[in-house]
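Here's the structure we're looking at; comments come further down.
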Amino acid sequence: MLEATGLMVFYENMLALNNISLRCGNRSIVGVFGANSAGKSTLMYTLSGIILDIQRKEEMAGGERISVFGEILWQGDSIGHLKASRRARMGIILCPERRRIFPESSVLENLRIGGFLASRKQRKQTLEYVFHIFPKLKEIARRPGGFLSGGEQQMLAIGRALMAQPRILLLDEPLLGLSPLVQVLLVKSITEIRQQRGITILVTEQYARPVMPIVDYAYILENGASVMEGDREELLNNPDVRSAYFGI
Ligand code: ATP
């Protein structure tokens with residue numbers, strides 16, 4: 001289980017995360033929904049540890065001061081002080097917003113890069129699995145990442161994250177800018193990944209509607225604070241939530 005308590009992140013004096021607490025049980029799918037700038041990416045950076053890299057870079061460059069507070073537990077161990085690379089080795093893997101594919105490397109090379117910490121056997125098995133859930137990637141294995149459609153890039157980003165052997169996958173706005181048809185395909189593959197690989201999934205989205213059917217539990221962020229939380233049925237049955245967040 002991933003458990004965060006009282007997360008606060010300041011960019012200089014700007015409060016980007018305001019006392020966020022969340023839990024993500026093993027093998028669950030948990031959603032975090034919020035508008036632009038609500039703090040979704042900051043939350044993902046904080047859980048994955050990338051915020052500490054950004055913080056250090058800013059410090060070295062004499063840039064803005066980033067302050068991070070709160071506690072993060074992974075399977076009961078405190079990890080908030082650990083670097084992103086350490087957390088990645090423990091199975092906490094971020095699939096970042098806007099995919100961040102290596103544009104000049106082929107699909108296969110992008111996937112191999114994702115698996116560089118894995119054993120040979122894991123790499124081979126996971127590559128087969130990635131091609132099984134995203135057969136399209138096998139067809140275009142030699143194509144440079146920069147020549148892929150948005151949907152293909154997102155499949156590749158998820159595939160690359162899977163190659164890193166996640167126990168929890170942090171998916172930051174995976175549906176961003178994609179057609180409804182591709183969204184449906186990706187949402188289906190997210191449930192398959194949980195079912196078939198037992199991977200826990202924390203997913204952020206601006207619009208809750210496409211992802212809501214597959215989440216067990218969700219949080220709603222506004223201006224860096226969690227304003228509502230509940231399991232799927234609770235949120236779907238709340239009339240305020242329905243009209244304000246799901247457009248139903
Ligand atoms: P989006 O959907 O646009 O990605 P988000 O919900 O992921 O939004 P964040 O990117 O976490 O939101 O941003 C939260 C707030 O923190 C925003 O007001 C943003 O402008 C601010 N912010 C993010 N990164 C920085 C930074 N490096 N320096 C200063 N402010 C930042």
Side-chain angles (χ1 to χ4, degrees), residues 2 4-24 29-72 79-80 83-84 87 92-101 150-151 153-154 157-158 160-161 168-180 182-183 186-187 190 201-212 215 217-230 235 241 244-247:
L2 183 72
T5 318
L7 295 183
M8 309 265 279
V9 173
F10 292 85
Y11 296 110
E12 290 286 356
N13 298 323
M14 209 283 275
L15 183 56
L17 286 190
N18 184 1
N19 198 21
I20 297 282
S21 297
L22 62 80
R23 287 156 70 99
C24 210
I29 300 183
V30 173
V32 175
F33 304 118
N36 264 334
S37 300
K40 303 180 297 294
S41 296
T42 302
L43 175 64
M44 292 305 218
Y45 290 154
T46 307
L47 296 172
S48 61
I50 284 170
I51 194 87
L52 302 181
D53 295 326
I54 301 173
Q55 189 184 39
R56 204 166 312 117
K57 249 189 224 155
E58 288 288 343
E59 246 174 58
M60 281 164 65
E64 65 184 348
R65 191 164 41 90
I66 301 176
S67 318
V68 184
F69 304 97
E71 183 166 46
I72 306 171
I79 58 159
K83 285 181 9 181
R87 294 188 216 185
I92 303 168
I93 303 294
L94 174 69
C95 184
E97 188 185 349
R98 300 189 192 281
R99 353 275 190 217
R100 310 269 170 98
I101 294 304
Q153 286 199 1
Q154 187 59 57
I158 295 176
R160 188 179 57 186
I168 181 168
L169 197 50
L170 309 177
L171 293 174
D172 197 4
E173 297 199 56
L175 307 182
L176 187 70
L178 302 179
S179 72
V182 177
Q183 291 191 358
L186 283 167
V187 166
I190 293 170
I201 292 172
L202 181 65
V203 54
T204 72
E205 274 302 329
Q206 190 166 342
Y207 303 105
R209 199 169 181 174
V211 182
M212 205 57 200
V215 302
Y217 199 87
Y219 297 83
I220 293 170
L221 285 193
E222 270 180 24
N223 299 320
S226 172
V227 293
M228 204 169 312
E229 64 174 89
L235 291 175
V241 178
Y245 297 101
F246 306 146

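Start at 1 and go down the list; that is how both ligands and their atoms are numbered. These numbers come from a predicted model, not from an experiment.
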Proximal ligand 1 atoms for [X], defined as those under 4.0 Å from one of its heavy atoms:
X: E97; value: 4 (O)
X: A16; value: 16 (O)
X: K40; value: 2 (O), 5 (P), 6 (O), 7 (O), 8 (O), 11 (O), 12 (O)
X: S41; value: 4 (O), 5 (P), 7 (O), 10 (O), 11 (O)
X: A35; value: 6 (O)
X: E173; value: 1 (P), 2 (O), 4 (O)
X: E64; value: 26 (C), 27 (N), 28 (N), 29 (C)

Query raised in the report: For Q183, what residues pass the side chain to side chain donor-acceptor pair (under 3.5 Å) criterion, not counting sequence neighbours?
Result: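 Testing Q183 for side chain to side chain donor-acceptor pair (under 3.5 Å), a comparison that skips the adjacent residues, returns none.
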Query - Side-chain heavy-atom pair L176, R98 within 4.5 angstrom cut-off - result: yes
Quick check: closest heavy atoms across [X] and [Y], and the distance to 0.1 Å?
X: D53; Y: A84; answer: OD2-CB, 3.7 Å
X: R87; Y: L47; answer: NH1-O, 2.9 Å
X: M212; Y: F33; answer: SD-CE1, 3.7 Å
X: S226; Y: I20; answer: N-CD1, 3.6 Å

Would you mind writing out the side-chain donor-acceptor pairs for residues 38-45 within the sub-3.5 Å range, not counting sequence neighbours?
from, atom 1, to, atom 2, distance (Å)
K40, NZ, G34, O, 2.9
K40, NZ, A35, O, 2.8
S41, OG, E97, OE1, 2.7
S41, OG, D172, OD2, 2.8
T42, OG1, Y11, OH, 2.8

Query raised in the report: Within the side chain of E205, is there an N or O that forms a donor-acceptor pair under 3.5 Å with the backbone of L175?
Result: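 Yes; judged by distance alone, with no hydrogens or angles, the pair exists.
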Requested in this report: List the steps, then state whether side-chain contact (heavy atoms from CB on, under 4.5 Å) holds for R65 with N13.
Outcome: CA-CA 8 Å; R65 191 164 41 90; N13 298 323; 4.1 Å; yes
If you have a sec, work out which protein heavy atom is nearest [atom] and how many Å separate them, to one decimal?
atom: atom 17 (C) of ligand 1; value: S37 CB, 3.7 Å
atom: atom 12 (O) of ligand 1; value: G39 N, 3.2 Å
atom: atom 3 (O) of ligand 1; value: N36 OD1, 3.0 Å
atom: atom 11 (O) of ligand 1; value: T42 OG1, 2.5 Å
atom: atom 15 (C) of ligand 1; value: M14 CE, 3.6 Å
atom: atom 24 (N) of ligand 1; value: Y11 CZ, 3.3 Å

Query raised in the report: If you measure from OG1 on T204 to CG on L170, what distance do you get to the nearest 0.5 Å?
Result: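 Interatomic distance, T204 OG1 to L170 CG, rounded to 0.5 Å: 9.5 Å.
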Query raised in the report: Which is it for E12 and ligand 1 at heavy atoms under 4.0 Å: side chain, backbone, both or neither?
Result: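 It is neither part, as no heavy atom is under 4.0 Å.
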Query raised in the report: Hey, is atom 7 (O) of ligand 1 touched by any protein heavy atom at less than 4.0 Å?
Result: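 Flag for atom 7 (O) of ligand 1 set to true, protein heavy atom closer than 4.0 Å.
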Query raised in the report: Would you say Q206 has any N or O atom under 3.5 Å from an N or O of ligand 1, going by distance alone?
Result: no
Requested in this report: Return yes or no for this condition: an N or O of L43 is under 3.5 Å from an N or O of ligand 1.
Outcome: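 By distance alone, the answer is no.
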Report task. Please indicate whether N19 has more than 12 foreign heavy atoms, meaning atoms of other residues, nucleotides or ligands, lying under 6.0 Å from its CG. Result -> yes
